[in-house]
Amino acid sequence: MSTEGGFGSLFEELTWRGFVNAVTHPELEAVLGREKITLYCGFDPTADSLHIGSLLPIMGLAHFQRAGHRPIPLVGGGTGLIGDPSFKAQERAMLTREQVDLNAEGIRRQLAHFLSFEGENAAVMLNNADWLCALPLVDFLRDVGKHFSVNVMLNRDSVKNRLTDRDHGISFTEFSYSLLQAYDFMHLYRTQECRLQVGGSDQWGNIVAGMDLSRRLCAAETYGMTFPLVTKADGTKFGKSEGGNVWLDPERTSPYAFYQFWINQADADTGAYLRYFTFLSRGEIEELDRLTREEPHKRAAQRRLAEEVTRLVHGEEALRGAQRAAEAMFGGDLAGLDERTLLEIFHDVPSTALPKDVLGADRTLLDVLAEAGVFPSKGEGRRMIRNGGLYLNSRRVDADDAKLDAGCLLTPALAVVRTGKKNYHLLRFE
RNA sequence: GGUGGGAUGCCCGAGUGGCUAAAGGGGACGGGCUGUAAACCCGUUGGCUAGCGCCUACGUUGGUUCGAAUCCAACUCCCACCA
């Protein structure tokens, strides 16, 4: 990992990497060049894990820290109780306080992977529940509320569509959200000398509101910067895979699935993703871009992307495991692998334990697999076989009355079932 | 509060008494091609069954009929317009 990409400044690097969507003041670039500042970015505790949608702001903070600035990842334990209405189609389900606390803790652990909490510009993790929940209502309305014009708030795009939508509307609770986030910025300016807030492009309004409030109440000169929305060339939403969201928590998205997510990215997207999600140097990334253009079938960029991001999020050891599993699953032949290796490779694949005597029980493979949950029904399984989509130990099963017997075993106790190209299921006989 | 319109399979949507497990599209899944890609082509898409076939299903509950997604009644929910 190196940041020596031949950039004159952090801002230049961020620009090249595509992190700069908008800045509130053009002079921010000069400020960052001559002083080390404190900046913050908020993370919503809507779940107990972040997903890769949050990876961009996290990487953003990390770049700032590498350049000597001091990042504050702020967990929205307080704002999470309210819910940010920005560009959300409808009112959000309210989270309980316990849930938010729990989620904040999970997120705190994940952020710790990306930022250094030691040294002179050590990152500081804060939770806005610590100050927001203690805020007296009347004081808040007098001191903070006074500075917000409802007329202006009503004109925000992020609120507007909720006003014209008769079905959903917006509650007072969510309408007030912006004030709380604005208060955060001011609070961090006062207590941490935080002068910059960064966030996704949907946060522009909230960031500007915070700058405004800081200026009015503290005469503070603060800045804002937004990151772009991560997009995909084919127009579908970034960050979803078959199973839904791609999470940073290995319990929710296994390192193997995580690795696969990146390796399957389209050619058109990998260049941008290498810039966003890795610390590779400009030279390395441009070389990978070239390889994608000249020999796309080798997918060198996808491989490197998957490797770098998986290492960053899950560590070296998990990366190795994911790579070995990929090799076995896509390299073709499973024969020759011993039981321990197989169990390791397939450890996050669903598996079913069966008593050893089903092997001699004259049962059909179809029957057993349906029972094991490989197919939701026998009809589905029959269809799968008819379409040539069922494989046992990498060999296609072509008869739906095939029997399950000792010949089906790959090792004395294991058989590997696959449907389609990449859906595996392990049968363990004990 | 009044008046209309609607509720169909994962989603959208056709279907106004038997030929309807329900057109068409999307999605999903499988196969082919390929680069574990995109695009494209082919197939599958309620359950049980080797098959004949049987069962379950068109908002809910009843009814009419030899026969109902289709007709009738009540109920529930949604939408539109008016006040």
Side-chain angles (χ1 to χ4, degrees), chain A residues 89-90 164-169 231-246 253-274 288-307 309-310 319 321-334 345-346 348-350 362-392 394-404 416-425:
Chain A
Q90 50 185 298
T164 49
D165 185 344
R166 319 167 61 98
D167 295 340
H168 299 299
T231 56
K232 282 176 46 170
D234 65 4
T236 56
K237 203 172 174 209
F238 171 76
K240 302 273 187 201
S241 70
E242 314 89 73
N245 275 325
V246 177
T253 301
S254 72
Y256 172 73
F258 188 84
Y259 181 83
Q260 288 295 321
F261 168 79
W262 294 104
I263 217 162
N264 280 315
Q265 294 303 323
D267 294 357
D269 293 321
T270 49
Y273 296 172
L274 282 164
L288 288 166
D289 284 347
R290 188 181 66 77
L291 291 174
T292 297
R293 270 195 313 275
E294 291 174 11
E295 35 184 35
H297 53 282
K298 292 194 176 160
R299 293 180 307 131
Q302 279 92 336
R303 281 175 212 284
R304 192 63 192 277
L305 174 67
E307 180 186 331
V309 187
T310 306
L319 167 65
Q323 284 175 322
R324 251 182 313 148
E327 220 168 290
M329 293 186 192
F330 296 102
D333 208 6
L334 291 169
I345 289 171
F346 291 105
D348 50 88
V349 149
D362 200 39
R363 307 276 311 275
T364 64
L365 185 60
L366 178 66
D367 250 347
V368 177
L369 292 182
E371 265 169 47
V374 173
F375 307 119
S377 69
K378 288 174 82 172
E380 176 70 37
R382 211 169 274 124
R383 237 175 270 132
M384 186 71 81
I385 293 173
R386 208 179 307 139
N387 288 333
L390 178 70
Y391 302 80
L392 181 67
S394 311
R395 267 201 301 277
R396 180 175 281 170
V397 175
D398 43 21
D400 58 5
D401 57 353
K403 291 283 190 294
L404 179 70
V416 177
V417 175
R418 191 179 99 215
T419 56
K421 282 190 174 65
K422 22 185 146 169
N423 309 302
Y424 285 85
H425 193 108

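Just the heavy atoms: all of them, side chains too, but no hydrogens, waters or symmetry mates, feed the values below. Proteins come first, then strands; the chains are lettered A, B, ... in the order of their sequence lines, and each starts at number 1.
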Pairwise [atom1] distance, [M] and [N] [rounded to whole Å]:
{"N": "A73(B)", "M": "A14(B)", "atom1": "C1'", "result": "27 Å"}
{"N": "C40(B)", "M": "C33(B)", "atom1": "C1'", "result": "9 Å"}
{"N": "G27(B)", "M": "G63(B)", "atom1": "P", "result": "43 Å"}
{"N": "U65(B)", "M": "G17(B)", "atom1": "C1'", "result": "9 Å"}
{"N": "U45(B)", "M": "C10(B)", "atom1": "C1'", "result": "10 Å"}
{"N": "A69(B)", "M": "G46(B)", "atom1": "C1'", "result": "16 Å"}

Would you mind pulling out the nucleotide paired to [N], Watson-Crick or G-U wobble, both distances under 3.5 Å?
{"N": "C75(B)", "answer": "G59(B)"}
{"N": "G1(B)", "answer": "C82(B)"}
{"N": "U64(B)", "answer": "none"}
{"N": "G30(B)", "answer": "C42(B)"}
{"N": "C54(B)", "answer": "G47(B)"}

Next item on the list: Please determine if Lys378(A) and Asp367(A) form a salt bridge, counting it only when a charged side-chain N lies under 4.0 Å from a carboxylate O.
Entry: yes

Checklist line | Sidechain N-carboxylate O distance under 4.0 Å for Glu380(A), Arg383(A) | finding: yes

Using side chain to side chain donor-acceptor pair (under 3.5 Å) as the criterion, list what pairs up with [X], not counting sequence neighbours.
{"X": "Glu307(A)", "result": "Arg311(A)"}
{"X": "Thr292(A)", "result": "none"}
{"X": "Lys232(A)", "result": "Thr236(A)"}
{"X": "Arg396(A)", "result": "Tyr391(A)"}

Below 3.5 Å, can you tabulate the donor-acceptor pairs from side chains in residues 263-270 of chain A to any protein atom, sequence neighbours excluded?
residue: Asn264(A); atom: ND2; partner: Gln260(A); partner atom: O; Å: 3.0
residue: Gln265(A); atom: NE2; partner: Phe261(A); partner atom: O; Å: 3.0
residue: Asp267(A); atom: OD1; partner: Gln302(A); partner atom: NE2; Å: 2.9
residue: Asp269(A); atom: OD1; partner: Ala233(A); partner atom: N; Å: 2.9
residue: Asp269(A); atom: OD2; partner: Ala233(A); partner atom: N; Å: 3.3
residue: Thr270(A); atom: OG1; partner: Asp267(A); partner atom: O; Å: 3.1

Note to self: Quick check: on RNA chain B, is the nucleotide nearest Asp367(A) upstream (toward 5') of the one nearest Arg396(A), or the reverse? Name the residue that is more 5'.
What the structure shows: Arg396(A)

Next item on the list: Starting at the 5' end of nucleotides 36-48 of chain B, put B wherever the base has a protein heavy atom under 4.0 Å, S where only the sugar-phosphate does, and a dash everywhere else.
Entry: BS-----BSS-SS

Checklist line | Nucleotide A50(B), atom P - distance to CG of Asp400(A) in whole Å | finding: 8 Å

Next item on the list: For Phe375(A), answer base if it contacts any base atom (sugar-phosphate contacts may also be present), sugar-phosphate if it contacts only those atoms, and nothing otherwise; contact means non-hydrogen atoms under 4.0 Å.
Entry: nothing

